[in-house]
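Taking it in order: structure first as structure tokens, then the write-up.
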Amino acid sequence: MNRLLLLNGPNLNMLGKREPDVYGKITLKALEEQLTAYVEEKQWKLDVFQSNHEGELIDQIHASEGKYRGIIFNPGGYTHTSVALRDAISSVNVPVIEVHLSNVYRRESFRHQSLLAPVCRGQISGLGAKGYFLAARAFMEEDERKDD
Ligand code: DQA
């Protein structure tokens, strides 16, 4: 069965409690459940993983090779700092869509640069939790086209 990986980085375990005016009221658990149900409707599977630790996120990316059709990744603050995560994404053949709940380009200038976006398939920023669903949809539709 086709699988996707939902990867959330630091502080995203605080979703729902953390700055709800910026990141929304949905909890990570609810998001994970809703996204799982969404992909299951299309007979896909979703694995979920969240970590506040850069190395654990890197390990997940390495382990994704050959296992997933795509990774939906909100790298949190590491987006703007992590050469190591960028190198991890470059080291595998699994496409990654970078997702941000907030519109990072409307915020502080240090959030305007993503070190990861240049090695990702694409980026969705500012659409709230909907961005995760759109990323999943993009991967699933891309795969349908491959079968044509
Ligand atoms: C974020 C944006 C980042 O700048 C921030 O550090 C986060 C969340 C977002 O989802 O909007 O932790 O990735």
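In what follows, residues are counted from 1 in the order of the sequence shown.
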*How does the hydrophobic cluster around Tyr105 look, that is, which other residues are in it when side-chain heavy atoms under 4.5 Å mark a link?*
Val104
*asked:* Going by the rule side chain to side chain donor-acceptor pair (under 3.5 Å), which residues pair with Ser102 if we only count those two or more places apart in sequence or in a different chain?
replied: Arg107
*asked:* Suppose we screen for salt bridge (Lys or Arg N to Asp or Glu O under 4.0 Å). Which residues come up paired with Lys42, at least two apart in sequence or across chains?
replied: none
*Rounded to the nearest 0.5 Å, what separation is found between the CD1 atom of Ile71 and the CG atom of Leu7?*
6.5 Å
*Specify the closest pair of heavy atoms between Leu134 and Leu127, including all atoms of both residues, with the distance to one decimal.*
CD1-CD1, 3.7 Å
_Do Asn13 and Arg18 have side chains that approach each other closer than 4.5 Å (heavy atoms only, starting at C-beta)?_
no
*Starting from the C-alpha separation in whole Å, work towards a yes-or-no answer on side-chain contact (heavy atoms from CB on, under 4.5 Å) for Val94 and Ile61.*
CA-CA 8 Å; Val94 185; Ile61 293 168; over 6 Å; no
*Pairs flagged by side chain to side chain donor-acceptor pair (under 3.5 Å) wherever residues 76-86 is involved - sequence neighbours left out*: Glu54-Ser82
*Lys29: side-chain contact (heavy atoms from CB on, under 4.5 Å) partners, not counting sequence neighbours*: Thr27, Glu33
*With hydrophobic residues grouped by side-chain heavy-atom distances under 4.5 Å, do Val39 and Phe49 end up in a single group?*
no
*Distance from Leu35 atom CG to Glu40 atom CD, nearest 0.5 Å?*
10.0 Å
*Just by modelled atom types, is the Asn11 backbone N or O under 3.5 Å from a matching donor or acceptor in the Asn52 side chain?*
yes
*Output every pair passing salt bridge (Lys or Arg N to Asp or Glu O under 4.0 Å) with a member in residues 61-80, not counting sequence neighbours, ordered by first then second residue.*
Arg69-Asp143
*asked:* With ring-ring contact (aromatic ring centres under 6.0 Å, His included) as the rule and sequence neighbours excluded, what pairs involving residues 14-40 come up?
replied: Tyr38-Phe133
*Residues that Asp47 engages under salt bridge (Lys or Arg N to Asp or Glu O under 4.0 Å), provided they are two or more places apart*: Arg3
*Rounded to the nearest 0.5 Å, what separation is found between the CD1 atom of Ile58 and the CG atom of Asp87?*
8.5 Å
*Roughly how far apart are Ser125 OG and Asn103 CG, rounded to 0.5 Å?*
4.5 Å
*Indicate the atoms forming the closest heavy-atom contact of Leu12 with Leu101, along with that distance.*
CD2-CD1, 4.0 Å
*What are the two closest non-hydrogen atoms of Trp44 and Met1, and how far apart are they?*
C-SD, 4.0 Å
*Side chains of His100 and Ile124 in contact at under 4.5 Å (non-hydrogen atoms)*: no
*To the nearest 0.5 angstrom, please state how far the CG atom of Leu4 sits from the OH atom of Tyr132.*
14.0 Å
*Working for side-chain contact (heavy atoms from CB on, under 4.5 Å), residues Ile72 and Phe139*: CA-CA 9 Å; Ile72 302 159; Phe139 279 133; 4.0 Å; yes
*Mind running side-chain contact (heavy atoms from CB on, under 4.5 Å) on Leu85 and Leu115 for me, showing each step along the way?*
CA-CA 9 Å; Leu85 275 171; Leu115 296 188; over 6 Å; no
_Shortest non-hydrogen contact from Ile89 toward Cys120_ = CD1-SG, 4.2 Å
*Between Val96 and Phe73, which heavy-atom pair has the shortest distance, and what is it?*
CG1-CB, 3.8 Å
*asked:* The criterion is side-chain contact (heavy atoms from CB on, under 4.5 Å); which residues satisfy it with Asp59, sequence neighbours excluded?
replied: none
*Do you know the tightest heavy-atom contact between Leu57 and Pro10?*
CD1-CD, 4.1 Å
*side-chain contact (heavy atoms from CB on, under 4.5 Å) partners for Ala138, two or more places apart*: Ile97
*If you count the non-hydrogen atoms of other residues, nucleotides and ligands that lie under 6.0 Å from CG in Asp21, is the total more than 12?*
yes
*salt bridge (Lys or Arg N to Asp or Glu O under 4.0 Å) with Arg137: which residues, sequence neighbours excluded?*
Glu141
*Under a 4.5 Å side-chain heavy-atom rule over Ile, Leu, Val, Met, Phe, Trp and Tyr, are Leu28 and Val22 clustered together?*
yes
*Please collect all side chain to side chain donor-acceptor pair (under 3.5 Å) contacts where either partner lies in residues 111-121, sequence neighbours excluded, each pair once.*
Glu98-Ser114, Glu108-Arg111, Arg121-Glu142
